[in-house]
2 protein chains.
Amino acid sequence: MVRDPKYDILFDPIKIGPKTSRNRFFQTSHCAGPGSERPGTQAHFRAMKAEGGWGVVFTEYCSIHPEADEYPYTSARLWDEGDVINLRYMCDMAHKYDSLVGVQLWYSGIHAPCLESREVGRAPTGLVSNMFPSRTTYGSEMDENDIKAVINMYVLAAKRAEQAGFDLLEVSGGDSTVPIQFLEPRYNHRTDKYGGSLENRARFYVELMTALKRELGDRCAITTRFEVDTLHGSHGIEAKEDGIRFMELMHREGICDLWSVKIGDYEEWGEDAGVSRFRKTGWMTPFIKDAKSVVGNIPVVANGRFTSPDDMVNIIRSGVADIIGAARPSIADPFLPNKIAEGRPEDIRECIGCNMCVSKFNQGGQLQCTQNQTAMEEYRRGWHPEKFEKATDPCSVLVVGAGPAGLECARVLGERGYTVHLREAEAEVGGHWKWVSKLPRLNEWSRVITYRQLQISKMKNVEVHLNVGKMTADDILQYGADRVVIATGSHWRTDGLGPEGHVPIPGADASLPYIFTPEQIVTGKPIVGDRVLILDAEGHFLGITFAEMMADMGKKVTYVTNLSEIADYGVFTLEVQNNKRMLNEKGIATLRNHWIDKIEPGKVTLGYMYRHSADLTGPNTGNVPRRLNPGTVEIEVDSVILLTSRQSDSELYRELKARKSEWKQNDIEAVFQIGDCKAPMQALQAMFEGHRLAREFDSPHPEYPLPWIRERQVWGHETFPKMGDARPKVEVD
Amino acid sequence: MVRDPKYDILFDPIKIGPKTSRNRFFQTSHCAGPGSERPGTQAHFRAMKAEGGWGVVFTEYCSIHPEADEYPYTSARLWDEGDVINLRYMCDMAHKYDSLVGVQLWYSGIHAPCLESREVGRAPTGLVSNMFPSRTTYGSEMDENDIKAVINMYVLAAKRAEQAGFDLLEVSGGDSTVPIQFLEPRYNHRTDKYGGSLENRARFYVELMTALKRELGDRCAITTRFEVDTLHGSHGIEAKEDGIRFMELMHREGICDLWSVKIGDYEEWGEDAGVSRFRKTGWMTPFIKDAKSVVGNIPVVANGRFTSPDDMVNIIRSGVADIIGAARPSIADPFLPNKIAEGRPEDIRECIGCNMCVSKFNQGGQLQCTQNQTAMEEYRRGWHPEKFEKATDPCSVLVVGAGPAGLECARVLGERGYTVHLREAEAEVGGHWKWVSKLPRLNEWSRVITYRQLQISKMKNVEVHLNVGKMTADDILQYGADRVVIATGSHWRTDGLGPEGHVPIPGADASLPYIFTPEQIVTGKPIVGDRVLILDAEGHFLGITFAEMMADMGKKVTYVTNLSEIADYGVFTLEVQNNKRMLNEKGIATLRNHWIDKIEPGKVTLGYMYRHSADLTGPNTGNVPRRLNPGTVEIEVDSVILLTSRQSDSELYRELKARKSEWKQNDIEAVFQIGDCKAPMQALQAMFEGHRLAREFDSPHPEYPLPWIRERQVWGHETFPKMGDARPKVEVD
């Protein structure tokens, strides 16, 4: 196919300092998890985006020195020769595709927990970190000598970056790193020439960029990622005040080859990586649109979860920016640029803005992606998002259930050349994701279904059979497929059994008119009365979604959770603050660390989970060996929504497995189960299971995964540093 | 010196299946962080305990299969040949000291987040995990074929363990792993021969031990660590019911060579690793004391944070156990057994039960220890807890301030042969730790001071000068020391400045009679009135300690925190449940996610931290760009205690640094700062700083650390597995 000429502008080369990007697609620095600790994972992940057409690809944030150690969160690092070796492999791989490679230089100031290095960050003022408060993380106030030392750390790291092969050296002036700590009155309480006026607060940032420009500016582009509005009012940086004025000031110095602009600081990271539940594509534009007006011909990069080439062209044509930055869209589809170039933008696997990616990083892991099951598997399992090994001996496969797992499995089996029948009991594909993506705020999530529907519709070897009703074991045995994949999903419990005690809740029975499962609500079971209580033990998006839905219906809503945090998983997806803001604004009452003792008509009795004594009363029989204290509360309610736990719809698979002796006579080689019917799981995991099974469908034992490469130190191999190595001196005497 | 004969019994060899331990000191399996990912760190850490006299040393919990992947929490693993190589080094090192080496075989059932492996744990019943609830972690219900497969996983892992050189193969029947999930009615809802009666629920555990005994019992000891009471009443395992009956049942089978017994399940881990704030030495004894009566001559291990040899002897003499198990005491002093053997038990560096060790693991890091600064630094920095490199050119050193950092620095400098003057302004050593360890529940923490005092008192080259008042820069310049170490500590802010906004709180001024800093309370400033509000932004132990102290004085107490959890750091130290139980029992009101807007006499106005809208209202000037919603609450109070943040007492160091030009004329080579005066930090970090500086005092640039070995994959080195490796089949057809 041929590229639509209206998109040509996206493919114009652009000069960035001494370098030139082949196009306007710029993968901004984003967390991923490999750092310089897992060099193969890092290199293959980033190089996949270079292969897919991104003109610039970046590492995640990269610590310049052990004083900026964010461990257990894994950043890239440029501390020593080992890091140079590891990151060089990434640069070499991305350069094969003619992309530029960037590194984001990071020094955290007061926000350095230093759990590995056990050092202490230096900062403009010796304040406590608001990011790691209970971990007693403070910065040490810098004197002028320290300021020179820290700038020197940047220079030394930048030189290591150049050795590794990086083209763009980006100073993080975002996420409340030390340049912004100097700039922002909140963090800078100094009274010397580095504090007070904007010029003084900007001094560190300018001196730093100047030093990098002087030392490396002829060989590398010296750039910055700047948070033009920290969203804290006059207390922070405001786009129309210090934000734009600082850009003018720095631009006058001629030391910045590219501006990548964004909003939100470390605390408000969720406003930079905005979820689709709260932020629609381009939400940052009102804050960043004036940037271009003060930096002349210096290129500006704008992010905004852009997945549509029309939106991208519009951002450039309207003068907001010269370059389209993307983090999540490049994870969901590393081949986004190439698909536009090849005239098939409809094949783009669009980011749904669910932030599952960062949620995995925030748990200390490698990112995962709801839309792209190959993300982070490029190296360790050798998976390519757009290339599929053809089956050597393609057979016929019956996939039962077209929810996320079944859809993804059928898609990949189809790509590999198998003959697939995907059979769905209901009238539409999507499984539970159908109703999930129709809930308030979640409509972008429907892309999970539509992408897979479209891809499958192009394959002649995959048939989708809708509205076929529930298949029985007999149906399957007689179906005539060589292999069978069961993907029948799960449902919410009707009896209130959940993580607290793993017993049903007395009085909980969703066949009663005033007790509800999620499925009952979305299929129209009428809410009773005006007072609704939601018990949320899932702690992800469903509980608060129903809470908001009920409040919008005019109900008086009480949200109860056994967890210590409201919709706890939002801590990982960066939604927790906006979730709590939304609940407060809508007048929804919340109660934490409580569980339902019993439900009676019109009344729920809640128990505080810590109403027993801290003291142990010695071995006991029949009772918890602690004193029981007061800690129950009765609430009058009309309707109760239970999100306590889910249950696999595994009967079909179990029956087939029990009738294994009949497989052979029916010419069935194997029966597999994937997704929720095996165990309830996040949708991205269900799709991973479908994808993985299809990728390894001709392995000796497809029901369990082939080994993957574990990147870790193996005893006897070289270490970096070695015992007795010196550390480069950074202090200036 | 000569060992006291009353302790001889601790050094009697004891037979454990086909093996013999040289004594009764048994380092039970405990979390540490290195796993099989950091083989050098693992081996040197465990081998140090073997060197120090522990007859048995264990790994941490060791996953037998990728289905039991607890990543990001780092367990040991026995998944492949790489793990065998890595753990073999540990075994080889510990064997040099004639210790036995054990591995704890672990399969997590429903509690496997599998963030790295992306697999799913199998379990007796397909329930949601109560340990990782918001992470959507469920187990997949096993059929009989799965049961055989999982037992086979154990056997295969045990064979790899034998290859690596392990002597003891311990099945984890604690921490809610799969054997206990079968045993406990909470987790086992089966109706087949693996559910229902005790005999049925015990079947999996017995079959597993039987298989291991059959396959490896002649070469390795097959042992178990069993939670005899899960502390959940009849719903779980009770010591006097299923706990003891199960031990009888299993003992009859003759398949267990050693019983290590404990209490508390995964959820109540803090009752196994009990903190001194809640549990005194030997707290488990009432629950485990009957174990010995049902297992005949099979050895029983008892833990209980034992650090006194008299307590240990008593446990054995009274028939509670044959062997003294220890995790934390062996971290605080790897040489505990040897010190008893050498007749110098007063030199034992006793565990203080603060659980900082596990708090670091729970953050995803390597453990750290308040008492032992060399823990986990044995390999990466080459530190030995009892051996110190003599200074080649010892000079005279003035250490200013005898808090934790100064004490530890002086001790290590003394061990290295420097001439040290440790000068303290006040009448006693200890700094702020003096008053901290006099607070309710914290008296064991005084061991931090007494251990160092005693050690220093034995050194002729270290003088301690008490009651010398605050030294000035002039005093120091004229003191005559070659080098100076400043360790002047920090103090709590008097103006309410803290992590929320980093500005003082309006009306907060601790010179007012009704506003208090921690130091003011402990020095006797009288509490005003009956209603006390505590603002805790530290989130560790001080806020709740003052809350309890005030409640015990009869005050009506409100505990307010900006954080989402009450005393948030207790999540890491395993105290959070008992903290909340204690607060509830004492009637202390709690409020989360609030900060003080202003303080007036008799009244505090609190603001909810999420009272602005989730929606952004566009770029703004002077205000947060969100709608402001209701969210303030007024509370009538008489006294307000502020724990908002601390401030370094850094003036002395700053003045000396500013007067660097005068150093030479006063024959001063260098001035260093350590601990809180550099930046407020946890006491263990302050002591680490003192220790580190003293260890590296003759390095080229002692103010910053020498590089340490980073154990990580380096590109180009071999990986395990390699792409294309097979996985051993575990399913039984």
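Chain letters run A, B, ... following the sequence lines, proteins first, then strands; residues in each count from 1.
In this structure, chain B has a heavy atom under 4.5 Å from the side chain of A:Asn593, while its backbone stays farther away. Only the side chain of A:Val503 comes within less than 4.5 Å of a heavy atom in chain B; its backbone stays farther off. For A:Glu67, no part sits under 4.5 Å from any heavy atom of chain B, backbone or side chain. For a residue to count as touching a neighbouring chain, one of its non-hydrogen atoms must lie under 4.5 Å from one of that chain's; by this rule A:Val730 touches chain B with backbone and side chain alike. For chain B, the nearby parts of A:His717 are the backbone and the side chain; heavy atoms of each come within less than 4.5 Å. For a residue to count as touching a neighbouring chain, one of its non-hydrogen atoms must lie under 4.5 Å from one of that chain's; by this rule B:Tyr71 touches chain A with the side chain only. Residue contact with chain B, scored on non-hydrogen atoms closer than 4.5 Å, is absent for A:Arg692. Heavy atoms of A:Ser129 lying under 4.5 Å from chain B belong exclusively to its backbone. Contacts between A:Phe278 and chain B at a heavy-atom distance below 4.5 Å involve the side chain alone, from C-beta outward.
Considering only heavy-atom pairs separated by less than 4.5 Å from chain A, the leading option among B:Asn130, B:Val120, B:Asn145 is B:Asn130. Top candidate by heavy-atom pairs under 4.5 Å with chain B, chosen from A:Leu583, A:Asp615, A:Thr621, A:Ile110, is A:Thr621. Chain A forms more heavy-atom pairs under 4.5 Å with one residue of B:Arg122, B:Glu718, B:Glu703, B:Met582 than with any other, namely B:Glu718.
Between B:Tyr187 and A:His502, the ring planes lie tilted relative to each other; the angle falls in the 30° to 60° range.
The two residues A:Gln363 and B:Pro72 come nearest to each other via the heavy atoms O-CG, 2.6 Å.
The structure places CZ of B:Arg626 at 10.5 Å from CD of A:Glu585, a figure rounded to the nearest 0.5 Å. Atoms OG and CZ, from B:Ser699 and A:Arg727 in turn, are 10.0 Å apart once rounded to the nearest 0.5 Å. For the atom pair CG (B:Asn584) and OH (A:Tyr608), the distance works out to 6.0 Å, reported to the nearest 0.5 Å. Atom CD1 of A:Ile85 and atom CD of B:Gln713 lie 11.5 Å apart (nearest 0.5 Å). Within the model, atoms OG of B:Ser564 and CZ of A:Arg592 stand 5.0 Å from one another, a figure rounded to the nearest 0.5 Å.
Judged purely by atom type and a 3.5 angstrom limit, A:Glu238 has no side-chain atom pairing as donor or acceptor with the backbone of B:Pro619. Listed for the B:Thr136 side chain is no donor-acceptor partner under 3.5 Å among the backbone atoms of A:Gln682.
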Requested in this report: Test ring-ring contact (aromatic ring centres under 6.0 Å, His included) on B:Trp708 and A:Phe720 and set out the steps.
Outcome: CA-CA 8 Å; B:Trp708 66 92; A:Phe720 286 89; over 10 Å; no
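Using a cut-off of 4.0 Å between Lys/Arg side-chain N and Asp/Glu carboxylate O, A:Asp143 and B:Lys657 are scored as salt-bridged. One finds a salt bridge joining A:Asp80 and B:Arg710 here, because a Lys/Arg side-chain nitrogen approaches an Asp/Glu carboxylate oxygen to under 4.0 Å.
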